[in-house]
Amino acid sequence: DLPLELHSWRQMTEYSPEMKQFACILHLYHIKAYDYLRKIFPLPHPCSLTKQVFNHSFILNTAAGFSNDIFLRLQEKVERGDQAYCYCAVMVQDMSLQKQQEWDPQTRRLTGFVDLGAGILDADEAPLASEVIILMAVGISSPWTAPLGYFFVNSMTGRLLAQLFHQTISKLNNIGVTVLAVTSDASARGAETARALGIRMDPERIRCTFRHPPGSAHSITYFFDVCHALQLIRNALQCFQKVEWLSDTMWWQHVVELAALREQRVLEPCGPGSGRSGSKESYHLKVNLATLLFSEGVADALEHLQKLGLASFQNCSGTVKFVRLMSSLCDVFCGRGPYGKGLKVPLLAGNYTKTSNLFSEAKSFFVTLTDSVGRYIIKSKRKLGFLSLLLNAESLKWLYSNYTCPEGTPSHHLQTYAFSLDALELFLRALRQACGTSGSPTCTVFRAAYHKLLASCSLSPGSRHGSGSGNLSSLDVSLSRSRDLTLGSIWAQYNAVHGRALATEYPFCAGLLLHSSTLSNALTDLSLHARSVTCAAGFVAEQLAWDLQCEACLASLFDSDESRLRCRSVLYIKKLGRVSLPSASVHHIASILERVLKWYGNVGDGSKNTMLWHLSLEQEVFQELLGERPLFPTLTNHLFDGELSINNHYTVLVKEITRCYLNIRTNTAQHLNSKYPCGRHRLKRLKERHLLPSPLGNCQASYTHMGS
């Protein structure tokens, strides 16, 4: 479609669509080749490509490219003087596509080909798209997000991403939005993109900024996604098994032993206030599998288990030091919102010195790490995770010095979570859900889903509707993305054969209650029904503990003695036979559920166990809880970790407990009705099966041992 003769190019007063398409694609794939050909052919100036060619992409609202509607709405906010929209970070992520050629009856054209915003390459020999690149802008000081566009490609390279970053920054600059940072994943492709932009990752000579436009005075920082970087560091520790620095050693086996501990029974002397001085109390050490590997909780747990004298955790001081340093870095890079505590607060003038000292310590720490044979890890094939954190630290310091510290700056603080891929991942999850396919979508399906979300996009700060994310928050997405970094994931890797251990039957009675628990005084002399409620609540807590990804929420499910260990990674819990004793809040919800079930017990069997019936029960439970004492007192500070909204972890936890309890109660009731139909022998048979043998284990033996 292009004129091959050189004189044909020089005689054309206007560029044909084919020539515009050729110029756009060549400029994206290789800017040096484009500059060379401009000396021979009268190709358009690169600036005109951004203004003219890319604007073609969304005229019909069907093709790939930049979304002009989003840019116009951002421009309106900037022109109204809204300072929150004057500065942003730009991030990129890819999504796999199913290679498939399809006919579009609306445009009467074949689709499924590569499309970089200048029109589809519609030809028999044109390559089919295998990936889609999505770009997003995120507010630095205000949590607004804006999907900027997408591009269909068949082979994504670092050079291509670098050019897309330049094009995106130029379009944002043209409407008055200043880009302070860009973010990519910590991968080989991300490292290639950084190098193509001019970033240098040598730990002794780090260059964390690049110029835009090239040769200008304006600098932009580069970030690697922290979650990806931490996964790379986890992989490095697993491969090396131990890392050394100076006189300390970090052993990976200590973490494996902690995850494998699961539950361990311990006997401790009763306190003087218990009234049973001289005797011993039985506890179960329960590992919180939702605890993140690089967290203060893991460091505290290792120290505590070492003090208990457990052989597997001796000489773990080096592991504790390493985990504690990594935990501090995670707090800085993953700070969320203005209400964080400690190192999770936004980067301000008052805490910069402490943060800067931490970065200096981390750098001196990382550059001295060696493997078992003395080779420096920072120069090994497992170096990218450590280099990513060092680069991020330099970028944060540069932003503080140039945009937070001087007068007349855009904001008084930096929200560090804006430099992660959490916001874009939230949008991608909504895209996958809108696509409605379990595998990779086709270009046609993706395009329809993208424009469906774009039509309802809101640029308001913190708007979940704008990202199409439903009830998910950025905190939930961060926890979900970090699932491979929890103790539970480590346990699953080394115990893949055992899988998930679920109880086979609903326990109706826990046997005799133990002394000296927070619920003992209220439940000691109650009936079989009350004991069954307590047991059912504990059963619900154990079921939810398998799926909860939040360490704080999981810890709030159980009645744990925090006086012995003030961290949530290892809990001191008590048992009712084989079922853990629930927290007072979980038991309170279960008691209200039993009252509600009793009120609704006269409803006909035909309407029970339906979605509408369950929703009506959930509504009644929330109405009963209104005006009562607050639940889950340990979660008060945790509620400030995410967005301040009514649908936070507090309400989600109450919903999950309610649904799990109702499912167990209704399903078990049907099971018992079918197994023990009716008649006067029903209660006797029920007692024989669920009381005397006790499916929870020998509760009487446990109680006798406790009282000795």
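Along the sequence shown, residues carry numbers from 1. Just so it is clear, the model here is predicted, and its values are computed rather than measured.
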Mind checking whether Ser184 and Leu161 have side chains closer than 4.5 Å, heavy atoms only?
-> no
Residues in side chain to side chain contact (heavy atoms under 4.5 Å, CB included) contact with Trp103, at least two apart in sequence or another chain | Pro105, Arg108, Leu110
Shortest non-hydrogen pair, Trp398 vs Ser219, comes out as CZ2-CB, 3.6 Å
Please check if the side chain of Lys363 supplies one atom and the backbone of Pro203 the other of a donor-acceptor pair under 3.5 Å.
-> yes
Sequence-distant partners of Glu131, side-chain hydrogen bond (donor to acceptor under 3.5 Å, both in side chains), two or more places apart = Arg189
Taking every non-hydrogen atom, the tightest pair across Cys443 and Ala129 = SG-CB, 3.8 Å
Would you say Leu160 and Ile133 make side-chain contact, with heavy atoms under 4.5 Å?
-> yes
Check: Ile377 main-chain N/O paired with Ser380 side-chain donor or acceptor under 3.5 Å | yes
Taking side-chain hydrogen bond (donor to acceptor under 3.5 Å, both in side chains) as the test, write out the residues that go with Asp94, two or more places apart.
-> none
Are Phe333 and Phe359 close enough that their ring centres sit under 6.0 Å apart?
-> yes
Would you please name every residue forming a side-chain hydrogen bond (donor to acceptor under 3.5 Å, both in side chains) with Thr178, sequence neighbours left out?
-> none
Strictly by modelled atom types, are Thr442 and Gln100 linked by a side-chain donor-acceptor pair under 3.5 Å?
-> no
Classify the ring geometry between Phe210 and Tyr222 as parallel (under 30°), tilted (30 to 60°) or perpendicular (over 60°).
-> perpendicular
CG of Leu421 to CG of Leu426, rounded to nearest 0.5 Å, is 12.0 Å
Do the non-hydrogen side-chain atoms of Phe66 and Leu135 ever get within less than 4.5 Å of each other?
-> yes
Taking it one step at a time, do Asn392 and Phe224 satisfy side chain to side chain contact (heavy atoms under 4.5 Å, CB included)?
-> CA-CA 7 Å; Asn392 288 4; Phe224 286 110; 4.1 Å; yes
Whether His166 and His212 hold their rings parallel, tilted or perpendicular, with breakpoints at 30° and 60° = parallel
Step by step, work out the side chain to side chain contact (heavy atoms under 4.5 Å, CB included) result for Thr183 and Leu424.
-> CA-CA 10 Å; Thr183 303; Leu424 183 50; over 6 Å; no
Between Ala191 and Leu384, the two heavy atoms sitting closest are CB-CD1, 4.4 Å
What residues form a salt bridge (charged side-chain N to carboxylate O under 4.0 Å, His left out) with Arg80, not counting sequence neighbours?
-> none
Where do Ser142 and Tyr85 land on the side chain to side chain donor-acceptor pair (under 3.5 Å) test, with the steps shown first?
-> CA-CA 8 Å; Ser142 179; Tyr85 293 87; 5.9 Å; no
Only counting residues at least two apart or in another chain, list the ones meeting side-chain hydrogen bond (donor to acceptor under 3.5 Å, both in side chains) with Thr168.
-> none
Check: Met91 and Phe419 side chains under 4.5 Å, non-hydrogen atoms = no
Specify the closest pair of heavy atoms between Thr221 and Thr209, including all atoms of both residues, with the distance to one decimal.
-> CG2-CG2, 3.7 Å
With sequence neighbours left out, which residue pairs that include part of residues 219-229 fulfil the salt bridge (charged side-chain N to carboxylate O under 4.0 Å, His left out) condition?
-> Asp225-Arg481
Side chains of Tyr150 and Met95: does their closest heavy-atom pair fall under 4.5 Å?
-> no
What are the two closest heavy atoms between Phe366 and Ile378, and how far apart are they?
-> O-CB, 4.1 Å
Looking at residues at least two apart in the chain, or sitting in another chain, which of them share a side chain to side chain contact (heavy atoms under 4.5 Å, CB included) with Ala448?
-> none
Any chance you could measure Leu164, atom CG, to Ile134, atom CD1, to the nearest 0.5 Å?
-> 11.5 Å
Check the pair Leu148 / Lys171 against side chain to side chain contact (heavy atoms under 4.5 Å, CB included), numbers first and verdict last.
-> CA-CA 10 Å; Leu148 300 176; Lys171 285 188 70 68; over 6 Å; no
pair Leu453-Pro147: side-chain heavy atoms closer than 4.5 Å = no
Write out all pairs satisfying salt bridge (charged side-chain N to carboxylate O under 4.0 Å, His left out) with one or both partners inside residues 145-166, taking only residues at least two apart or from two chains.
-> none
Those residues at least two apart in sequence (or on a different chain) that pass salt bridge (charged side-chain N to carboxylate O under 4.0 Å, His left out) with Glu192 are none
Counting only N and O atoms by type, is there a donor-acceptor contact under 3.5 Å from the side chain of Ser96 to the main-chain atoms of Ser440?
-> no
Rounded distance [0.5 Å steps], CZ in Phe427 versus CG in Asp422 = 15.5 Å
Would you list the pairs meeting salt bridge (charged side-chain N to carboxylate O under 4.0 Å, His left out) in which at least one residue belongs to residues 381-395, sequence neighbours left out?
-> Glu394-Lys397
Stepwise side chain to side chain contact (heavy atoms under 4.5 Å, CB included) test for Thr355 and Leu396 | CA-CA 10 Å; Thr355 302; Leu396 270 184; 5.7 Å; no
When every non-hydrogen atom of Leu399 is compared with those of Leu180, the smallest separation belongs to CD2-O, 3.9 Å
Side-chain contact test, heavy atoms from C-beta onward, threshold under 4.5 Å: evaluate it for Leu391 versus Phe223 and give yes or no.
-> no
Asn173 side, atom CG; Ser216 side, atom OG - distance, nearest 0.5 Å = 9.0 Å
Set of residues satisfying salt bridge (charged side-chain N to carboxylate O under 4.0 Å, His left out) with respect to Arg207, sequence neighbours excluded = none
Is there side-chain contact between Leu389 and Met326, with heavy atoms separated by less than 4.5 Å?
-> yes
